[in-house]
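Structure first, then comments.
Just so it is clear: chains get the letters A, B, ... in the order the sequence lines come, proteins before strands, and each one is counted from 1.
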Amino acid sequence: MTLKSTSALAAVFAAAATGSAFAGNDDALDIVFINDGHVAPYHVAWLAGFEDAIAAYGEAFPDLEISGRWLSAEGSLERMIQQAEVTINEAPDIMFVNAINVDAFEPLVAQAQDAGITWIAVHSAMESADYSFTLGDITNGRNQGMAMCALSGGEPFQVAIMLGQAGNPSGEARRQGILEGISTCDNIEVVAEQPADWDTVRAQSIAENWMTQFPELDAISGVTDAYMYPSLAIAANSGRSDLQLYGYDGDIPILEQMRDGPVMADILLSGTREGWNFVQMAYRLHRGDELEKVYDFFTPLVLTEENHRLALENGFPENIEVYSVDQALDVAANGFREFGPDSVR
Amino acid sequence: METAGKTTEQSPSPAISALAMRYLVLAALIVIASLGFGFANENFFSLANIGILLRSISVLFIVSMAMTFVMLTGGIDLSVGSNVAFAGGVGVIALTATGSAPVGFLAAILAGMSIGLINGIFVGRMKLSAFMVTLATFALARGLALVIYDADSINVSNAIFLWLGGTSWGNVPVVIPFVVLVFAVLSVVLYRTTFGRDVYAAGANFKTAFVLGRRPERTLVWVYILSGALAGLSAIITVGRVSSGQPWAGLYLEFDAITAVILGGTSLFGGRGRLFGTILGVLLYGIIINGLVLTGTNPYLQSLIKGAILLSVVLLDSWTQRGKQR
């Protein structure tokens with residue numbers, strides 16, 4: 001699986017066609033990652049992966065003075081803009097920016113490019129950015145929805161969907177995909193949709209309300225694994241062992257819950273490996289590799305082998321790549337193998 | 001009341017002296033923080049960075065000055081951040097519909113004032129808790145913004161509308177002299193008008209002000225309207241800065257403003273404080289935020305450092321007050 005995804009990335013690189021000239025010098029690489037938050041479990045893993053990768057690349061390539069730091073806007077647009085302005089003034093080589101809203105950053109992209117900085121838009125693609133690092137959110141959401149169709153048993157089935165922050169492009173794309181996937185079968189009824197603003201605590205109260213409001217609820221679908229933690233607890237506390245959960249992120253604790261627990265499907269992003277992929281991408285740009293302007297992070301669906309078999313029997317498409325839980329855990333925990341220094345030697 | 005106002009101006013009370021001490025402490029902290037960050041990163045004192053710093057806190061300056069008026073009355077306005085998003089939305093929609101920047105400006109400011117009016121009526125006339133009322137309008141204004149924008153941003157290309165928030169003369173953002181102008185105007189309003197004296201009177205002792213016929217309930221209404229108008233003004237600056245209307249603009253702005261106002265020495269209980277202290281508070285807050293980003297301080301530590309500084313200033317204030325009382 002690791003080889004498979006590495007091969008997929010290699011294919012992406014081989015197909016490279018566009019990209020701006022990289023402006024860094026030969027013996028130094030300074031990377032700044034500006035994120036929208038830093039406390040959600042995914043963020044913590046993501047930022048830790050980024051830091052670990054910086055250290056590993058520094059150690060593996062002693063002739064290259066590689067440095068990196070991350071900043072968190074803590075959800076505030078104004079704070080993120082200020083951080084981007086300050087960072088542009090510092091003129092690093094590469095900026096990864098997970099913009100809260102891409103429209104607000106258009107003026108800054110031009111400013112960064114004038115300063116010779118390579119701007120990489122994270123998760124939400126930007127036409128003006130040098131590169132966009134995207135997740136295939138619609139496809140992933142659709143895969144989650146189709147898995148639900150295949151595992152819902154064909155009987156009338158109620159699902160409630162917990163969304164991201166209203167207007168967030170990534171969250172909206174995931175929602176669109178999930179609804180598209182669900183629409184491929186006619187037994188599933190979406191009884192509620194509610195934004196939880198990526199907030200685990202808010203997710204908890206929403207899930208509690210749903211359990212009361214919809215006693216026949218069969219499943220909760222979330223656009224992030226951050227919502228799965230409270231949903232798991234509420235399902236357990238209310239004795240609803242039959243409640244199905246459908247996650248998105250590939251957080252290791254949630255993947256571990258898939259073996260015997262109520263989490264039926266997840267999408268393997270894994271914050272750790274995304275952090276490692278950032279540094280690998282920066283390193284490749286620095287040494288002159290040409291990457292596609294829109295770089296798709298490889299994010300397979302995760303099902304237990306038993307559920308995958310059951311899903312296939314129920315008409316789940318065979319051409320959708322599915323990782324088993326063991327495969328997913330291995331990849332999620334070992335970002336260094338997929339994107340570490342050895343992957344670029 | 002006029003006498004009370006003149007007394008405050010002419011013969012400094014212990015409270016004013018404590019404020020003076022607070023300003024000295026703040027000024028010292030500003031110098032120390034600047035030198036420290038400048039030592040850690042030479043870019044800190046570059047003209048470009050100073051421009052970035054001042055531009056980034058321009059909205060906070062304006063909102064904090066409004067918050068000073070509100071807190072001088074003993075109130076609080078938690079709705080300002082959401083109001084910036086709401087007023088910006090109304091302004092951008094009006095601009096899009098008419099193509100006229102002045103109409104957009106007017107719409108933004110009137111929208112901000114309308115939220116302020118709601119706050120003012122409930123707090124001033126109906127005597128409800130400012131915390132609860134503005135907590136409600138905090139949610140109301142954000143909800144309205146999300147509805148207006150349909151939760152998505154709206155691009156703005158009108159050069160006149162973007163001028164205030166987006167233009168710089170060299171390294172000097174246009175908005176900085178504008179903030180100075182707002183400060184001057186608000187200073188005149190607060191220190192040289194009957195309304196300003198009524199603001200202090202309403203916060204120092206609401207009942208006494210009422211008995212003396214100063215109509216403090218009306219003062220409160222106007223203070224919240226002023227706060228809303230300045231939120232509208234901040235919305236115009238914010239739209240100019242990001243060339244778009246944003247439904248999530250102003251998130252947490254109220255907390256930053258309250259922090260800056262408290263740092264600047266305005267009492268949470270009303271009746272004591274000055275705009276100059278708020279300016280120092282915003283400046284210190286902005287320098288800390290800018291410096292922590294510039295020096296690459298781990299974000300997990302940043303909240304800790306900000307909290308420690310706030311706590312230190314509060315403790316110093318308490319220590320100074322006790323010293324005065326001995």
**Prompt:** When heavy-atom pairs shorter than 4.5 Å are enumerated against chain A, which of B:Gly296, B:Ser46, B:Ala249 gives the highest number?
**Reply:**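 Among the listed options, the one with the most contacts to chain A is B:Ala249.
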**Request:** Would you mind telling me which of B:Ser153, B:Ser244, B:Ser243 has the largest number of heavy-atom pairs within less than 4.5 Å of chain A?
**Result:** B:Ser153
**Message:** In the structure I gave you, are the side-chain heavy atoms of A:Asn35 and A:Trp70 within less than 4.5 Å of one another anywhere?
**Reply:**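 Of all side-chain heavy-atom pairs linking A:Trp70 with A:Asn35, none is under 4.5 Å.
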**Message:** Over 60° means perpendicular and under 30° means parallel, so tell me whether A:Trp46 and A:His43 are parallel, tilted or perpendicular.
**Reply:**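 The arrangement is parallel - the two ring planes meet at less than 30°.
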**Asked** In terms of ring plane angle, is the pair A:Phe278 and A:Phe33 parallel, tilted or perpendicular, where the classes change at 30° and 60°?
**Response** perpendicular
**Asked** Of all of A:Glu172, A:Glu74, A:Arg69, A:Glu78, which one pairs up most often with chain B through heavy atoms under 4.5 Å apart?
**Response** A:Glu78
**Complete:** chain B shares the most heavy-atom pairs under 4.5 Å, among A:Ile81, A:Leu47, A:Thr87, with A:Ile81
Any side-chain to backbone donor/acceptor pair from [X] onto [Y]? Under 3.5 Å, distance only.
X	Y	result
A:Ser76	A:Ala73	no
A:Asp93	A:Asp30	yes
B:Asn298	B:Tyr300	yes
B:Arg55	B:Ile176	no

Which pairs would a plain distance check flag for residues 120-128 of chain A, meaning a side-chain donor or acceptor within less than 3.5 Å of a matching protein atom at least two apart in sequence or in another chain?
| from | atom 1 | to | atom 2 | distance (Å) |
| --- | --- | --- | --- | --- |
| A:His123 | NE2 | A:Glu274 | OE1 | 3.4 |
| A:His123 | NE2 | A:Glu274 | OE2 | 2.6 |
| A:Ser128 | OG | A:Glu106 | OE1 | 2.6 |

**Complete:** Listed by number, the residues in residues 78-95 of chain B that come under 4.5 Å of chain A (heavy atom to heavy atom) are none
In terms of heavy-atom proximity below 4.5 Å to chain A, should [X] be classed as side chain, backbone, both, or neither?
X	value
B:Thr297	neither
B:Asp150	neither
B:Leu146	side chain

**Item:** Straight-line distance of A:Leu163 CG to A:Trp198 CH2, nearest 0.5 Å
**Value:** 9.0 Å
